[in-house]
4 protein chains.
Amino acid sequence: MIIQLDMQSDVPIYNQLMNQIIEGIASGSLKPGDPLPSVRSMASDIGINLHTVNKAYTLLKQEGFIQIHRQKGVVIQPDTMPGITPEYQDKRNAYLKPIIAEAICRGLSEEQLLQIVRDMHNEITQTGEENV
Amino acid sequence: MIIQLDMQSDVPIYNQLMNQIIEGIASGSLKPGDPLPSVRSMASDIGINLHTVNKAYTLLKQEGFIQIHRQKGVVIQPDTMPGITPEYQDKRNAYLKPIIAEAICRGLSEEQLLQIVRDMHNEITQTGEENV
Amino acid sequence: MIIQLDMQSDVPIYNQLMNQIIEGIASGSLKPGDPLPSVRSMASDIGINLHTVNKAYTLLKQEGFIQIHRQKGVVIQPDTMPGITPEYQDKRNAYLKPIIAEAICRGLSEEQLLQIVRDMHNEITQTGEENV
Amino acid sequence: MIIQLDMQSDVPIYNQLMNQIIEGIASGSLKPGDPLPSVRSMASDIGINLHTVNKAYTLLKQEGFIQIHRQKGVVIQPDTMPGITPEYQDKRNAYLKPIIAEAICRGLSEEQLLQIVRDMHNEITQTGEENV
DNA sequence: GTGGTCTAGACCACA
DNA sequence: GTGGTCTAGACCACT
């Protein structure tokens with residue numbers, strides 16, 4: 001699991017880290033039950049403060065993507081991944097809408113847009129298969 | 001053009017305002033050449049700070065969605081809308097990837113995901129037709 | 001709103017602060033829409049670090065008891081307070097069970113236990129009436 | 001006596017273990033004079049660290065719920081159970097108050113709250129009768 | 001001036 | 001050694 005952070009991005013580091021881990025799960029390179037590095041080792045691995053890692057882990061735990069075991073470490077949610085909650089749908093649509101709107105403005109057709117989504121979907125799911 | 005802002009959202013107000021205007025253009029309720037309220041009147045209309053509106057307008061101008069004329073006021077880009085630039089593609093993909101990854105984690109199939117995009121695309125483009 | 005913290009308690013400070021605010025709401029001394037001190041002023045008022053206050057506020061926001069407006073400050077949830085969610089019920093029962101079990105062990109009758117709850121309920125709700 | 005631990009809970013393991021034993025006493029499934037497994041066997045039974053069990057036992061002994069004899073092992077307090085001490089009352093009220101306050105905030109009436117306590121009281125005392 | 005983020009260092013409870 | 005908490009100081013975006 002290689003974490004790539006953009007320190008110049010306007011997206012907070014803890015948020016980027018969360019996204020990378022979620023992508024890892026989506027791609028299959030992180031499987032349910034897999035251990036994650038401790039906050040300290042993850043922090044030193046990617047060169048950021050341990051509190052930033054801690055924040056990312058805590059939020060991922062709150063959303064149900066990982067489990068934090070007391071003094072044992074962190075693992076990818078081994079039971080059921082979080083499902084399609086109304087809050088998730090609201091959040092997802094709120095983030096998706098501006099993207100689609102801008103795409104329309106810039107002249108992308110519906111089919112082009114769908115193709116981009118298809119490509120990115122395949123890119124994510126196929127990334128993991130290499131690691132299997 | 002009705003602007004809906006969520007003051008509690010973590011999305012900055014100026015960003016929400018930009019998105020609303022872009023959605024207006026995408027839906028067709030704002031057409032090329034259409035005038036936009038002045039910074040001052042927009043600010044008082046929706047009850048936010050003048051500088052916030054100014055920031056939104058300036059950024060929209062930078063991206064090429066609107067034109068700001070000193071005397072004539074603000075109008076939707078009457079000439080060619082901004083196209084598919086590499087910067088746009090990078091930004092779009094950067095925002096799209098985490099959304100798709102999380103959708104996969106939560107068990108959405110590729111087809112369900114595409115359907116959501118289709119629905120939202122139709123929602124945006126049809127919203128405008130009512131206003132024609 | 002007077003905040004009383006026990007720095008010696010095993011209950012984390014941010015947790016005590018959350019509880020005090022929730023009690024304030026329950027008693028009616030904090031009403032929906034009422035403003036709360038900024039993280040900085042609350043922190044200096046009660047002599048703790050602003051990050052600790054921030055943590056309490058953030059968690060209260062996540063649970064829906066308060067709203068954090070961007071750059072405007074913090075107010076008690078003016079709309080609908082959080083309701084009876086399954087997660088709340090689980091958490092409440094998990095905390096309540098050991099208390100009731102120990103009470104039984106120590107020889108409290110069911111009626112005595114209920115009376116304690118009644119008394120405490122009245123104590124909380126009447127505290128606020130003085131402040132009306 | 002079946003011990004159920006939640007390794008992901010924020011409640012320390014030794015605390016959960018204490019609570020389970022107290023609930024066992026409250027329900028009657030553990031009676032005064034009944035033997036408890038040794039620290040060693042309890043630890044291996046429920047798959048936790050020996051020191052964790054030791055800590056739970058020591059605290060239970062301090063509070064007077066069990067007796068620890070060097071040779072004879074561990075037994076539920078055969079003489080008088082700990083009573084209603086001022087320290088107990090303070091601790092109980094400190095834990096009870098936030099629960100009741102939150103219940104009020106979430107719209108539970110006093111009667112609903114009392115009913116929850118009644119139900120839980122019956123749940124605990126009736127659980128034991130099955131084991132008699 | 002407000003909250004949000006990041007860094008840093010320290011202590012503690014837990015296992 | 002692990003995560004949890006608290007403190008402290010700094011910078012930034014937003015309004």
Side-chain angles (χ1 to χ4, degrees), chain A residues 5 7-17 35-44 46-59 61 66-75, chain B residues 5 7-17 43 47-56, chain C residues 5 7 9-17 35-44 46-59 61 66-75, chain D residues 5 7-17 43 46-56:
Chain A
L5 298 181
M7 306 306 277
Q8 314 306 331
S9 166
D10 57 335
V11 181
I13 296 180
Y14 75 87
N15 221 321
Q16 293 184 47
L17 180 53
L36 241 46
S38 74
V39 285
R40 280 175 178 77
S41 65
M42 172 68 92
S44 71
I46 57 185
I48 62 174
N49 190 281
L50 90 172
H51 293 107
T52 308
V53 178
N54 194 28
K55 182 163 188 177
Y57 279 9
T58 304
L59 288 169
K61 171 190 154 199
I66 65 175
Q67 285 185 353
I68 301 181
H69 286 80
R70 41 184 53 266
Q71 280 69 35
K72 271 184 167 183
V74 181
V75 298
Chain B
L5 298 180
M7 304 306 279
Q8 296 154 243
S9 165
D10 57 336
V11 181
I13 304 285
Y14 77 88
N15 220 320
Q16 292 185 47
L17 180 54
I48 63 174
N49 192 292
L50 187 142
H51 297 96
T52 309
V53 178
N54 196 34
K55 181 162 188 176
Chain C
L5 298 181
M7 306 306 277
S9 167
D10 58 334
V11 180
I13 295 181
Y14 75 87
N15 222 319
Q16 293 184 47
L17 180 53
L36 242 46
S38 74
V39 284
R40 280 175 178 77
S41 64
M42 172 68 92
S44 70
I46 57 184
I48 62 174
N49 190 282
L50 91 171
H51 293 107
T52 308
V53 177
N54 195 27
K55 182 163 187 177
Y57 278 9
T58 304
L59 288 170
K61 171 190 155 198
I66 66 175
Q67 285 185 352
I68 301 181
H69 285 79
R70 40 184 56 264
Q71 278 68 34
K72 271 185 168 182
V74 182
V75 297
Chain D
L5 299 180
M7 304 306 280
Q8 297 155 244
S9 166
D10 57 337
V11 181
I13 305 284
Y14 78 88
N15 220 320
Q16 292 185 47
L17 181 53
I46 55 184
I48 62 174
N49 193 292
L50 188 143
H51 298 96
T52 309
V53 179
N54 197 34
K55 181 162 188 176

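Below, each value reflects all heavy atoms present in this structure, side chains not excepted, and no hydrogens, waters or symmetry copies. Proteins get letters first, then strands, A, B, ... in listed order; numbering begins at 1 in each.
Residue-to-nucleotide contacts include a donor-acceptor pair under 3.5 Å from the side chain of C:R40 to the base of E:dG3.
Across the interface with DNA chain F, nearest-nucleotide mapping of C:H51 and B:V11 shows C:H51 to be the residue nearer the 5′ end. Judged by closest nucleotide on DNA chain F, A:H69 is the one of C:N15 and A:H69 placed further toward the 5' end. With the nearest nucleotide of DNA chain E identified for both A:K72 and C:G73, C:G73 has the one nearer the 5' end.
When the side-chain nitrogen and oxygen atoms of C:Y14 are compared with OP1 and OP2 of F:dT5, one or more of them lie within a distance under 4.0 Å. Between C:K55 and F:dT5, a side-chain N or O to OP1/OP2 separation shorter than 4.0 Å is present. Contact between the side-chain N/O atoms of B:N49 and the OP1/OP2 oxygens of F:dC14 is not found at any separation under 4.0 Å. Regarding contacts with the backbone of E:dC14, every side-chain N or O of D:T52 stays at 4.0 angstrom or more from both OP1 and OP2.
Remark: E:dC14 base-pairs with F:dG1; criterion is Watson-Crick or G-U wobble with both hydrogen-bond distances under 3.5 Å.
The structure places OG of C:S41 at 10.5 Å from CG of C:L50, a figure rounded to the nearest 0.5 Å. Taking OH of A:Y14 as the start and CG of A:L59 as the end, the distance is 6.5 Å to the nearest 0.5 Å. One finds the NZ atom of A:K55 at 7.0 Å from the OG1 atom of C:T58 (value rounded to the nearest 0.5 Å). Taken from CG in A:L17 to OG1 in A:T52, the straight-line distance is 9.0 Å, to the nearest 0.5 Å.
Whole-Å rounding puts the C:N54 CG to E:dT5 P distance at 9 Å. The distance between atom CE of A:M7 and atom P of E:dT5, rounded to the nearest whole Å, is 14 Å. Rounded to whole Å, the distance from CG on C:L50 to P on F:dC6 is 13 Å. Per the geometry, CD belonging to B:Q8 stands 14 Å off C1' belonging to E:dG3, to the nearest Å. The nearest whole Å value for the distance from the OH atom in C:Y57 to the P atom in E:dG3 is 8 Å. The nearest whole Å value for the distance from the CE atom in A:M42 to the C1' atom in F:dT2 is 15 Å. What separates NZ of A:K61 from P of F:dT2 is a distance of 17 Å, to the nearest Å. Taking atom CG of D:D10 as the reference point, atom P of E:dC12 lies 21 Å away to the nearest angstrom.
Looking at C:H69 and B:Q8, their side chains come closer than 4.5 Å, going by heavy atoms from C-beta outward.
Within the 4.0 angstrom heavy-atom criterion, only backbone atoms of the sugar-phosphate kind lie near A:I68; the bases stay farther away. Among the heavy atoms of the strands lying under 4.0 Å from B:I13 are primed sugar atoms or P, OP1, OP2 only; no base atom is included.
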